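Below is one structure, written out as structure tokens; the observations come after it.
From a predicted model like this one, the values you see are computed outputs, not experimental measurements. Per chain, numbering begins at 1; letters A, B, ... match sequence-line order.
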Protein chains: 2
Amino acid sequence: MTKSKELSKASVARLQLLLELLEQCEREQRQQITSSEIGEALGISAVNVRQDLFRLGSAGRPRVGYDVSHLIDLLRRLFDLNRPKRACIVGFGNLGRALAGSRIWDKAGYQLVAAFDKDSSVVGMELDSIRVRNISEIFGVIRAESIEMAMITVPASAAQEVANMVTAAGVKAIWNFAPVKLQVPTNVVVENQSLAWGLVALSHRTKQVGD
Amino acid sequence: MTKSKELSKASVARLQLLLELLEQCEREQRQQITSSEIGEALGISAVNVRQDLFRLGSAGRPRVGYDVSHLIDLLRRLFDLNRPKRACIVGFGNLGRALAGSRIWDKAGYQLVAAFDKDSSVVGMELDSIRVRNISEIFGVIRAESIEMAMITVPASAAQEVANMVTAAGVKAIWNFAPVKLQVPTNVVVENQSLAWGLVALSHRTKQVGD
DNA sequence: TAGATTGTTAATCGATTAACAATC
DNA sequence: TAGATTGTTAATCGATTAACAATC
């Protein structure tokens with residue numbers, strides 16, 4: 001409905017930082033903020049801020065700035081944070097368990113409703129009202145529970161197979177922690193969060209500076 | 001020493017995928033690979049591959065392609081994976097614990113040599129030969145152990161303070177899991193790995209497709 | 001030699017930055 | 001009104017893609 005021309009990935013990252021900042025402003029009872037204040041707080045230029053907000057369909061007022069709560073509302077809708085989205089974890093190892101109890105699901109509008117593993121010593125485990133099921137149940141549960149997102153935290157060698165299963169079951173988004181580029185149907189979104197890639201990128205960048 | 005003009009972030013990401021691919025080729029005893037084979041496997045264009053390798057200072061041979069083991073060597077040096085780099089974890093919660101025992105440290109050339117927390121119920125804990133110390137010891141230990149990288153997995157509200165401590169102690173790189181843009185001296189590298197940001201980005205992108 | 005593939009420059013595309021007009 | 005700030009177009013910068021020469 002909005003005429004948004006598709007924001008760049010970099011722009012989305014900046015707007016996420018902006019949302020954090022605005023929420024803090026709201027806690028401090030601030031009602032307006034200018035582009036240069038935002039830029040300073042976020043370490044980017046004021047022009048960059050205005051461009052981002054312009055593309056978003058901005059709503060600032062000259063001499064006053066932008067309305068904090070209106071912008072929060074705009075960003076929350078942009079990121080689709082208000083709609084409850086049902087999610088599951090596939091692979092209940094250390095990382096899966098660490099995230100199962102986390103508050104970030106709620107922050108992003110997700111509800112964690114199921115977890116799967118193939119290891120029988122893990123299946124049956126309960127954590128925060130989530131019972132771990134056998135991976136063989138995955139198709140039926142995703143359908144029955146209307147799960148639209150799967151977090152994949154299985155070993156790299158199993159990740160593609162899991163991706164095939166969850167997309168076949170109707171999942172529309174994959175949060176992929178395996179260091180693998182997944183092949184999925186074009187209507188499925190994959191967000192890669194491989195920690196291994198992050199760590200290697202850090203190693204690379206540290207070297208550059210050291211040179 | 002290499003004349004590298006600084007590869008773009010996107011290029012580094014592609015080259016990481018390439019390294020995985022090459023290591024698989026090596027396991028399969030393949031010795032050569034062409035840019036179009038690489039492109040197909042990685043889902044990018046062959047030209048893009050050649051450009052990346054050109055900037056890297058490439059070494060392919062017309063009609064033959066690139067030498068697998070030579071390219072692996074080049075990439076491992078590019079990412080600085082061979083040199084052992086000493087690292088610590090600050091904040092030994094669920095996420096910190098999940099990563100402490102992980103194999104990714106080794107894959108990226110890091111050695112995890114210390115962990116810190118401020119919670120007395122966690123301090124003293126041992127995991128994989130790492131004993132968790134009180135955060136008050138952080139300055140001395142980083143110096144004594146020549147730690148050059150700190151993984152920060154503390155709550156967002158404490159992250160900046162921790163960043164100040166570790167940079168004061170001489171750390172050159174921070175792997176930041178807190179959803180905060182850290183302010184650090186210019187010679188310190190920060191790689192952001194906030195899972196919250198990844199999850200929000202996924203939510204945003206899912207919405208776009210759904211429209 | 002002919003043909004396939006890389007190396008390298010040029011063209012295109014997109015994102016950021018600059019400039020300035022519009023507005024409160 | 002004057003001045004500060006946003007809205008919006010134009011210019012710059014950088015990354016990707018295309019073109020083709022060099023090479024085995």
Side-chain angles (χ1 to χ4, degrees), chain A residues 2-18 21-22 25 30-71 74-75 78 181 201 204-205 208, chain B residues 2-18 21-22 25 30-71 74-75 78 181 201 204-205 208:
Chain A
T2 43
K3 56 158 181 241
S4 62
K5 299 214 164 205
E6 290 178 41
L7 299 159
S8 72
K9 210 178 153 126
S11 178
V12 170
R14 286 190 297 267
L15 290 172
Q16 280 200 51
L17 281 172
L18 176 56
L21 176 66
L22 292 168
C25 288
R30 274 195 76 168
Q31 302 188 341
Q32 263 95 26
I33 190 166
T34 67
S35 60
S36 47
E37 287 171 317
I38 292 170
E40 184 154 0
L42 268 45
I44 56 183
S45 75
V47 183
N48 204 334
V49 172
R50 287 210 300 282
Q51 266 287 13
D52 284 343
L53 293 177
F54 173 54
R55 295 219 191 90
L56 186 66
S58 73
R61 286 194 307 170
R63 276 218 33 116
V64 180
Y66 299 86
D67 186 77
V68 171
S69 61
H70 177 253
L71 223 46
L74 218 60
L75 289 172
L78 172 73
K181 191 169 181 192
H204 168 62
R205 292 174 54 208
Q208 283 188 315
Chain B
T2 42
K3 57 160 181 239
S4 63
K5 300 212 167 214
E6 291 178 39
L7 299 158
S8 72
K9 209 176 154 129
S11 178
V12 170
R14 287 191 297 267
L15 291 172
Q16 281 199 51
L17 282 171
L18 176 55
L21 177 66
L22 292 168
C25 288
R30 275 195 74 171
Q31 300 186 341
Q32 262 95 27
I33 190 165
T34 66
S35 60
S36 47
E37 287 171 315
I38 292 170
E40 186 153 358
L42 267 44
I44 55 183
S45 75
V47 184
N48 204 334
V49 172
R50 286 211 299 284
Q51 265 286 14
D52 283 344
L53 293 178
F54 172 55
R55 295 217 191 93
L56 187 64
S58 73
R61 285 194 307 169
R63 281 230 11 131
V64 179
Y66 298 85
D67 185 75
V68 171
S69 61
H70 177 252
L71 224 45
L74 218 59
L75 289 172
L78 172 72
K181 189 167 183 197
H204 168 63
R205 292 174 53 208
Q208 281 189 315

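At distances below 3.5 Å, at least one donor-acceptor pair connects side-chain atoms of A/Lys181 with backbone N or O atoms of B/Leu42. In this structure, the side chain of B/His204 engages the main chain of A/Leu78 through a donor-acceptor pair within 3.5 Å. At distances below 3.5 Å, not a single donor-acceptor pair connects side-chain atoms of A/His70 with backbone N or O atoms of A/Ala59. The closest donor-acceptor contact from the side chain of A/Gln16 to the backbone of A/Ala13 lies at 3.5 Å or more, if one exists at all.
A 6.0 Å sphere centred on CZ of B/Arg30 holds more than 12 heavy atoms belonging to other residues, nucleotides or ligands.
Rounded to whole Å, the distance from CD on B/Glu37 to C1' on C/dA4 is 12 Å. Atom CD of A/Glu6 and atom C1' of C/dC13 are 14 Å apart (whole Å). Atom C1' of nucleotide D/dT6 and atom CG of A/Leu56 are separated by 15 Å, given to the nearest angstrom. The nearest whole Å value for the distance from the CD atom in A/Glu40 to the P atom in D/dT5 is 13 Å. Separating the CZ atom of A/Arg61 from the P atom of D/dT8 is a distance of 16 Å, rounded to the nearest angstrom. The nearest whole Å value for the distance from the CG atom in A/Leu15 to the C1' atom in C/dT16 is 14 Å. The interatomic distance linking B/Leu53 (CG) with D/dA15 (P) rounds to 17 Å, in whole Å. Rounded to an integer number of Å, the gap from CD of B/Gln32 to C1' of C/dT6 is 13 Å.
Here B/Thr34 does not reach the OP1 or OP2 of C/dT5: none of its side-chain N or O atoms lies under 4.0 Å away. Residue B/Ser35 places no side-chain N or O under 4.0 Å from the OP1 or OP2 atom of C/dT5.
Looking at which nucleotide of DNA chain C each of A/Val64 and A/Ser8 is closest to, the 5′-most match is held by A/Ser8. Comparing A/Asp52 and A/Arg63 by the nucleotide of DNA chain C whose heavy atom lies nearest to each, the residue mapping closer to the 5' end is A/Asp52.
Of the candidate nucleotides C/dT16, C/dT17, D/dT16, D/dT16 has the atom nearest to the side chain of B/Arg14. Across C/dG7, D/dT17, C/dT17, the shortest atom-to-atom separation from the side chain of B/Phe54 is found for C/dG7. If you check D/dT17, D/dT9, C/dA18 against the side chain of B/Asn48, the one that comes closest is D/dT17.
Counting any heavy atom pair closer than 4.0 Å across all strands shown, B/Ser36 reaches no nucleic acid atom. Across all strands, B/Ser11 comes closer than 4.0 Å to no nucleic acid atom at all (heavy-atom distances). Residue contacts shown for B/Ala10 are limited to sugar-phosphate atoms, with no base heavy atom under 4.0 Å away. As judged by a 4.0 angstrom heavy-atom cut-off over every strand, A/Arg50 is placed among the base-contacting residues.
In this entry D/dA10 has C/dT17 as its Watson-Crick or G-U wobble partner, both defining distances falling under 3.5 Å. A 3.5 Å limit on both hydrogen-bonding distances identifies D/dT23 as the Watson-Crick or G-U partner of C/dA4.
In this structure, OH on A/Tyr66 lies 4.5 Å from OG on A/Ser58, to the nearest 0.5 angstrom.
The base of D/dT9 sits with one of its N or O atoms less than 3.5 Å from a complementary donor or acceptor on the side chain of A/Gln51.
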